[in-house]
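Counting starts at 1 for both ligands and their atoms, in listed order.
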Amino acid sequence: MAGSAFSTPYPSFSLDFGSVCVHTKRICALCASSPESRAFARGSVEGISGVRERRGSDGGKRKRREEEEESEKGQLYTAKNILVAVGGRPSKPNIPGIEHVIDSDAALDLPSRPEKIAIVGGGYIALEFAGIFNGLKIDVHVFIRQKKVLRGFDEEVRDFVAEQMSSRGVKFHIEQSPQAVTKSYDGLLSLKTNKETISGFSHVMFATGRKPNTKNLGLEDVGVKMDEHGAVVVDEYSRASVDSIWAVGDVTNRLNLTPVALMEAGAIARTIFGNEPTKPDYSAVPSSVFSQPPIGQVGLTEEKAIEMYGDVDVYTSNFKPLRATLSGLPDRVYIKVIVCAKTSKVLGVHMCGEDAPEIIQGIAIAVKAGLTKQNFDATVGVHPTTAEEIVTMRNPTRKVRRDTAAEAKTTHEAVSRK
Ligand SMILES: Cc1cc2nc3c(=O)[nH]c(=O)nc-3n(C[C@H](O)[C@H](O)[C@H](O)COP(=O)(O)OP(=O)(O)OC[C@H]3O[C@@H](n4cnc5c(N)ncnc54)[C@H](O)[C@@H]3O)c2cc1C
């Protein structure tokens, strides 16, 4: 293998791609919140399929007529509180040839292994699929509209993950917007962007965002406010603009993560049924991107920390982990710890490298608890691990001060261990 000190670090392998997709879907179906799921089967929750609209409560003739019509079509249900948790779905731009492309749902349902794939989008879903396909030795091209992947993530992590993915074989095409997809007589696809046309793709996948599933629910008819993307607008308790309607998860487009949807739902349960008004707490929510290498992050990005706190000390480290040193692989790890200069509180930790998602879960407890850099420094490392770096970063790479003229770069520029 290229970059290895040894001739055959990995044995060759074969893979039945179709079976992997079938197995993956089976696992997803087990986890999904469908009426068939384990939670429904175990508990006292009744699952009803085919729910569509909620009617108004004006009590007028029109309402009665609608109810009569509706009960003819199916069963009409009424409830004191209605919780909307319908999630989102992939959204694709309406360009010529869009019928030839797949989305992330279809990418988990392919009958055979792609030979060469174009992935349009620079968000986490695009990068995760790029990593999976690249790992299967598929020729992967990622097209992003901007200069960098992962908008909203820490700037240096954005650069680092793209570099690492490139070094593993993923080809990035930056500042390119898709304009058309065409299919040739042999079934292969071409992607035309504002800059170039690349042909020979067996698949083109769009990971260009997701839209809340609010179409055809009748929410507008009863006065539920939605934003320009169709997300239900809610207050801090997840209550919509109609008092009896609540919404959680991706349909509200706040922080679209599974554990966050769970937290929001738990807060609503306490608010409505526990007589204990509870707001979900979005501070120090950790998250990961399962790219290759993966990212783990918790707390503020450096940019956000500077905006909110002004004076911050930034500790960074970019190094070759022991495992890569031994194997000769080119893998590296990037870690950043952001500290409030005034209080010494750790405001954010960002990591890109092997096991980052596992490591960040533990670090998130410390950040959520508001621990200081001294607490981190006083913690003994586990040797020899990648994670020990987080508690042994003694000197800041830079000290950013509100008065930018006073920004001091220390002599310890980004620690780079060979
Ligand atoms: C490819 C991909 C990878 C992801 N990876 C991660 C990850 O690693 N970690 C993470 O935390 N998050 C991840 N997410 C995000 C995560 O899946 C969502 O944030 C989470 O599922 C949101 O939960 P939800 O309940 O709001 O919506 P969903 O989980 O989407 O559930 C909505 C449910 O409502 C049903 N529904 C829709 N319309 C109707 C209707 N009209 N009537 C009745 N039912 C309806 C749907 O069928 C579905 O069962 C990922 C998302 C994608 C697409």
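Listed by atom number, the atoms of ligand 1 under 4.0 Å from N213 heavy atoms are 37 (C). Close approach of ligand 1 to R210 is summarised as follows: ligand atoms under 4.0 Å from at least one heavy atom of the residue are 53 (C). The contact set between ligand 1 and G249, taken as ligand atoms under 4.0 Å from a residue heavy atom, comprises 26 (O). Shown in contact with P259 at under 4.0 Å from a heavy atom are these atoms of ligand 1, numbered in order with element: 11 (O). In summary, the atoms of ligand 1 found under 4.0 Å from a heavy atom of G87, numbered by their order in the structure, are 26 (O), 27 (O), 30 (O), 32 (C). Interface of F290 with ligand 1, defined as ligand atoms under 4.0 Å from a residue heavy atom, comprises 8 (O). Contact atoms of ligand 1 toward A85: 32 (C), 33 (C), 34 (O) (distance under 4.0 Å to a heavy atom of the residue).
When only interatomic distances are considered, the shortest N/O to N/O separation between L257 and ligand 1 falls below 3.5 Å. For ligand 1, the polar-atom distance check finds an N/O of D250 within less than 3.5 Å of one of the ligand's N/O atoms. Checked by distance only, ligand 1 and Y124 come closer than 3.5 Å through their nitrogen or oxygen atoms.
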Return a table of donor-acceptor pairs under 3.5 angstrom between the side chains of residues 100-112 and protein atoms on other chains or two or more places apart.
{"from": "D103", "atom 1": "OD1", "to": "D105", "atom 2": "N", "distance (Å)": "3.0"}
{"from": "D103", "atom 1": "OD1", "to": "A106", "atom 2": "N", "distance (Å)": "3.0"}
{"from": "D109", "atom 1": "OD2", "to": "K25", "atom 2": "NZ", "distance (Å)": "3.3"}

Would you be so kind as to tabulate the donor-acceptor pairs closer than 3.5 Å made by side chains of residues 265-273, with sequence neighbours excluded?
{"from": "T271", "atom 1": "OG1", "to": "A267", "atom 2": "O", "distance (Å)": "2.8"}
{"from": "T271", "atom 1": "OG1", "to": "T278", "atom 2": "N", "distance (Å)": "2.9"}
{"from": "T271", "atom 1": "OG1", "to": "T278", "atom 2": "O", "distance (Å)": "3.3"}

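Between R89 and ligand 1 there is no heavy-atom distance shorter than 4.0 Å.
Remark: of the listed residues K195, R145, E196, E196 is the sole one forming a side chain to side chain donor-acceptor pair (under 3.5 Å) with Q176.
Taking each of L255, L262, I125 in turn, the one with a heavy atom nearest to atom 52 (C) of ligand 1 proves to be I125. Closest to atom 21 (O) of ligand 1 by heavy atom, among L217, V289, T258, is T258.
Neither side chain, N134 nor R168, offers a donor N or O lying under 3.5 Å from an acceptor on the other. In the model, E128 has no side-chain atom that pairs as donor or acceptor with a side-chain atom of S291 under 3.5 Å.
For the pair H203 and P114, the tightest heavy-atom approach, listed with the atom from each and the gap, is ND1-CB, 3.3 Å.
Cation-pi geometry between K116 and F201 is met: under 6.0 angstrom from the ring centre, within 45 degrees of the axis.
Between D377 and K373, at least one side-chain nitrogen of the basic residue sits less than 4.0 Å from a carboxylate oxygen of the acidic one, meeting the salt-bridge criterion.
Around CD of E358, the count of heavy atoms belonging to other residues, nucleotides or ligands within 6.0 Å does not exceed 12.
Under 4.0 Å from ligand 1, heavy atoms of V86 appear from its side chain as well as its backbone.
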